[in-house]
Amino acid sequence: MAVGAHGTGRTSGTEGTRETGDRECSGCGGDTTTPWAELAAEMRRIKDVTELSYGKLAQRTHYSRSSWERFLNQKQLPTRVAVEEFAAAAGTDPGPLLLRLERSLAHETAARAAAAVPRGARGGEPALAPAIPAARPESGLPGLGRPLGLIAAGALVGGGLVTVLNRAARERRGL
C-alpha cells in the first residue's frame, strides 16, 4: 500500500491525544518543527491509514505494544530496525521513514552538542574553555589521582587471587 508523505501530527482514538507533530525545537529559534516530530507524525499517519493498532504492530514486529506507543508518541526515538520493521508491517517503503530517522538523529545529536556548550556572559556566545583543566580529586597522594587507586585495587584483587589459588593447590597436594 502506498502512503503519502504529509501527516497531521495528531493521534486518534483511544491510543492517546497528545499532539507532537507540531512540537518546536527550542534550539532552532522556536519556529521549526523538529525532524523527530515529523518522523513520529508520519509514522502515526501511516499507522492510522493502514489501521494498525499498537497490538497489531507488536504482533508483526519484534517490539512491544508499549515500545510502539513510545516511538509514535515521541517519547523515545525509534531505532533503525524498528523503523524498518514498522514499514514492513505497514507494507510501505522504509526509505522515506529512514531518511526522516537519519535527520532526527542528526538533529538530536546537534541539539545535545549545542546544549553542552557553556554560554558566555554576552548574548549567548560560547564561553572560552579554561586554559588549565580543572583539578581532579586526588587519592591522598599529591599528583597521582585516580589511576593510583585503580592500580592499588587491581593489585589487591590480584594478590587475593594468588593467595586463594596457592591455598587450593596446597590442599590438593595434602600439605
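For the numbers below, each heavy atom of this structure counts, side chains included, while hydrogens, waters and symmetry mates do not. Keep in mind it's a predicted model, so treat the numbers as computed, not measured.
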(message) Can you give me the closest heavy-atom contact between Glu102 and Arg80, atom names plus distance?
(response) OE2-NH1, 3.4 Å
(message) Restricting to non-hydrogen atoms, name the atom on Pro78 and the atom on Met43 that form the minimum distance, rounded to 0.1 Å.
(response) CG-SD, 4.3 Å
(request) Using a strict 4.0 Å threshold on nitrogen-to-oxygen distance, state whether Lys75 and Glu69 make a salt bridge. (result) yes
(message) Tell me whether Val81 shares a hydrophobic cluster with Leu99, the cluster being built from Ile, Leu, Val, Met, Phe, Trp, Tyr side chains joined at under 4.5 Å.
(response) no
(message) Please report the interatomic distance CG(Asp48) to CG(Leu72), rounded to the nearest 0.5 Å.
(response) 8.5 Å
(request) Provide the full list of ring-ring contact (aromatic ring centres under 6.0 Å, His included) pairs with a residue in residues 71-103, sequence neighbours left out, each pair given once. (result) Tyr63-Phe71, Trp68-Phe71, Trp68-Phe86
(request) Kindly give the heavy-atom pair with the smallest separation between Leu57 and Thr61, and that separation in Å. (result) O-OG1, 2.6 Å
(request) List the atom of Ala37, the atom of Thr33, and the distance in Å for their closest heavy-atom pair. (result) CB-CG2, 3.9 Å
(message) So does Ala87 get a backbone contact from the side chain of Thr92, meaning a donor-acceptor N/O pair under 3.5 Å?
(response) no
(request) Measure the spacing between CZ of Arg100 and CZ of Arg103 and express it to the nearest 0.5 Å. (result) 7.5 Å
(message) Are Leu101 and Leu77 packed together at the side-chain level, in the sense that at least one heavy-atom pair is separated by less than 4.5 angstrom?
(response) yes
(request) Given side-chain contact (heavy atoms from CB on, under 4.5 Å), test Thr50 with Lys56 step by step and report yes or no. (result) CA-CA 11 Å; Thr50 57; Lys56 286 181 185 175; over 6 Å; no
(message) Closer than 3.5 angstrom, by distance alone: can the side chain of Arg65 be matched with the main-chain N or O of Tyr54 as a donor-acceptor pair?
(response) no
(message) I'd like to check the side-chain hydrogen bond (donor to acceptor under 3.5 Å, both in side chains) partners of Ser64; sequence neighbours left out, ordered by chain and number.
(response) Ser66, Ser67
(request) Please examine the side chains of Arg44 and Asn73, heavy atoms only from C-beta on, and report whether any two atoms are closer than 4.5 Å. (result) yes
(message) Nearest 0.5 Å, please: how far is CH2 in Trp36 from CD in Gln74?
(response) 5.5 Å
(request) Check whether any side-chain heavy atom of Ile46 sits under 4.5 Å from a side-chain heavy atom of Leu97, and report yes or no. (result) yes
